[in-house]
2 protein chains.
Amino acid sequence: MDGSTSVSRSTVIEASCELFADLGYRSTSMRDIAQAVGVRAPSLYNHVSSKQEVLFAIMDKAMDRALSALDDALEGVDDVTEALRLATQSLVLDFLRYPAEVTVCNTEVRSLDAANRRAIVAKRDAYAARMREIIERGCSIGAFSTRSPQLAAFAVLELGNGAKSWFRAGGRYSDVEVAREYGEFALRVVGAVRAEQPLSAQPT
Amino acid sequence: MDGSTSVSRSTVIEASCELFADLGYRSTSMRDIAQAVGVRAPSLYNHVSSKQEVLFAIMDKAMDRALSALDDALEGVDDVTEALRLATQSLVLDFLRYPAEVTVCNTEVRSLDAANRRAIVAKRDAYAARMREIIERGCSIGAFSTRSPQLAAFAVLELGNGAKSWFRAGGRYSDVEVAREYGEFALRVVGAVRAEQPLSAQPT
DNA sequence: CCTACCGATCGGTAGG
DNA sequence: CCTACCGATCGGTAGG
């Protein structure tokens, strides 16, 4: 970003997010961020109060967005199989559409101050709990068949990571197609779907 | 580690690995490492030549160990379903047994110098390629049924991460039990196993 | 928005 | 193995 674009709190935060994702929080200096938005480092403090505050703002916004997306995806959905499919699609789509934000969330929890870390970990745990509850419900009513719902929940939550690093490199599938495929993977992991039922049976 | 234990290259590298995993490479100072092994920072240079060299040594050794474990797991195995199961178990067991090394491998590639990064990425790609080849072979002979072997390979490779963060917290299952469960997840992801076939059908 | 500058900390070296 | 110290860089402030 050069000097021709006006600088604001959101441009500072967006530039910081890309740099934190690429270099890491600790390896990104306020001077790096300033250069990215086209000012000198002290001017950043007109928009943000500290480097730590920027990191927290990035992660808090990303967690809220992911939780809202999950809410929207599950609204009015009763069938537990469909709920797991849609929740996984929501998770993977979020990964694919906001790779920098998600990378920061996945790698910089340790860079948060104690109080900020507690707040972010609470939201992360809430997200994981909702995914786990879906899988536990599916197991209890016999829709899913897996030995450890907890292990399966962790496996499903982690699935999107592979898609994220891969998706950035190539362009063979759209983000929606990748998300749909991972939705199918999740159903297979919990034992909800026959292997012979191909994804192509689904409508577009 | 206190002064009563003798300091060597390997004790420096082991202490560095734990610190890099917990704090990150950039946030760990040579003084932190020195304190962990009970000397002053300049004395570390009697054992290692630079901080960067320590990072590379940790990652290179970890990659070689993972590749060797994969070799051992697959030796003499012809059946492609069994190969995927054993490869996944090998991967997950490595994650569970060497969490600090694996965390460093997963988070500090960006902290490597260009030449070191090329060497590590080549080994990581070789590992991923072997997993992908198993899945492609299974698909081509009809043992597996998945729309995108490449996507499935990434999903399987990523599976262990969830197990790693979870396993460190609790003690409900042994590492071997967790690895076996993930072996089953991998077969489900590629469509190799009926959902009705529970893991408990396997011998101990 | 800037220049000038602060105290702290960094990886690494000199010299013994 | 140590003390003493180097130039560089850090997040952030003073003052305008």
Side-chain angles (χ1 to χ4, degrees), chain A residues 1-59 104 107-108 110-117, chain B residues 1-59 104 107-108 110-117:
Chain A
M1 199 171 293
D2 58 25
S4 67
T5 310
S6 85
V7 178
S8 67
R9 177 177 167 84
S10 62
T11 58
V12 170
I13 288 178
E14 281 163 27
S16 301
C17 184
E18 297 296 327
L19 286 164
F20 292 168
D22 290 345
L23 310 175
Y25 175 76
R26 192 61 194 267
S27 295
T28 302
S29 68
M30 293 303 277
R31 287 159 179 84
D32 291 333
I33 297 168
Q35 189 177 42
V37 299
V39 297
R40 303 285 185 175
S43 300
L44 294 174
Y45 294 90
N46 293 318
H47 305 290
V48 299
S49 63
S50 71
K51 189 185 174 188
Q52 172 71 205
E53 185 238 342
V54 172
L55 178 64
F56 178 72
I58 291 166
M59 296 179 72
V104 172
T107 61
E108 299 296 352
R110 66 183 168 202
S111 300
L112 288 166
D113 286 347
N116 287 339
R117 185 158 55 235
Chain B
M1 198 172 293
D2 58 26
S4 66
T5 310
S6 85
V7 177
S8 66
R9 176 176 168 84
S10 62
T11 57
V12 170
I13 288 177
E14 282 162 28
S16 301
C17 184
E18 296 296 327
L19 287 165
F20 291 168
D22 289 345
L23 310 175
Y25 176 76
R26 192 59 195 268
S27 295
T28 302
S29 69
M30 294 302 278
R31 286 160 179 85
D32 291 333
I33 298 167
Q35 189 176 43
V37 299
V39 297
R40 304 283 185 176
S43 301
L44 294 174
Y45 294 90
N46 294 318
H47 304 290
V48 299
S49 63
S50 71
K51 189 184 173 188
Q52 173 70 205
E53 185 238 343
V54 173
L55 179 63
F56 178 72
I58 291 166
M59 295 179 74
V104 173
T107 60
E108 299 296 351
R110 65 183 169 200
S111 300
L112 289 166
D113 286 348
N116 287 340
R117 186 160 52 237

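Numbered from 1 within each chain, the chains take letters A, B, ... in sequence-line order. Values below: all heavy atoms of this structure, side chains included; hydrogens, waters and symmetry mates excluded.
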With sequence neighbours left out, what residues match [X] under side chain to side chain donor-acceptor pair (under 3.5 Å)?
X        : result
B:Arg117 : none
B:Arg31  : none
A:Ser43  : none
B:Ser27  : A:Arg26

task = Specify the separation, in whole Å, of atom NE2 of A:His47 and atom P of D:dG12.
result =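 Between P of D:dG12 and NE2 of A:His47: 15 Å.
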
remark   = Rounded to whole Å, CD1 of A:Ile33 lies from C1' of D:dG12 at a distance of 13 Å

side-chain contact (heavy atoms from CB on, under 4.5 Å) against [X], all qualifying residues, sequence neighbours excluded:
X        : answer
A:Ser49  : A:Glu53
A:Arg40  : A:Pro42
A:Asp113 : A:Gln52, A:Asn116

key: A:Asp32 and A:Ser29, any side-chain heavy atoms less than 4.5 Å apart   = yes

Got a list of protein N/O to nucleotides 14-16 of chain C N/O distances below 3.5 Å?
none

query = Any ring-ring contact (aromatic ring centres under 6.0 Å, His included) pairs touching residues 17-42 of chain B, not counting sequence neighbours?
reply =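 Sorted result for residues 17-42 of chain B: B:Phe20-B:Tyr25.
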
query = Which residue pairs pass the ring-ring contact (aromatic ring centres under 6.0 Å, His included) test when at least one of the two sits in residues 33-55 of chain A, sequence neighbours left out?
reply =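 Checked against ring-ring contact (aromatic ring centres under 6.0 Å, His included) - neighbours excluded - no pair reaches residues 33-55 of chain A.
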
Taking only N/O atoms, report every protein-nucleotides 7-11 of chain D pair under 3.5 Å with atom names and distance.
from, atom 1, to, atom 2, distance (Å)
D:dG11, OP1, A:Thr28, O, 3.2
D:dG11, OP1, A:Lys51, NZ, 2.7
D:dG11, OP2, A:Met30, N, 2.9
D:dG11, N7, A:Arg31, NH1, 3.0
D:dG11, O6, A:Arg31, NH2, 3.3

ask   = Using Watson-Crick and G-U wobble pairs whose two distances are both under 3.5 Å, how do you write the pairing of DNA chain D as dot-bracket, with | for links to another strand?
value = ||||||||||||||||

message = Counting only side-chain nitrogens and oxygens, does A:Arg40 get under 4.0 Å of the OP1 or OP2 atom of C:dC1?
response = no

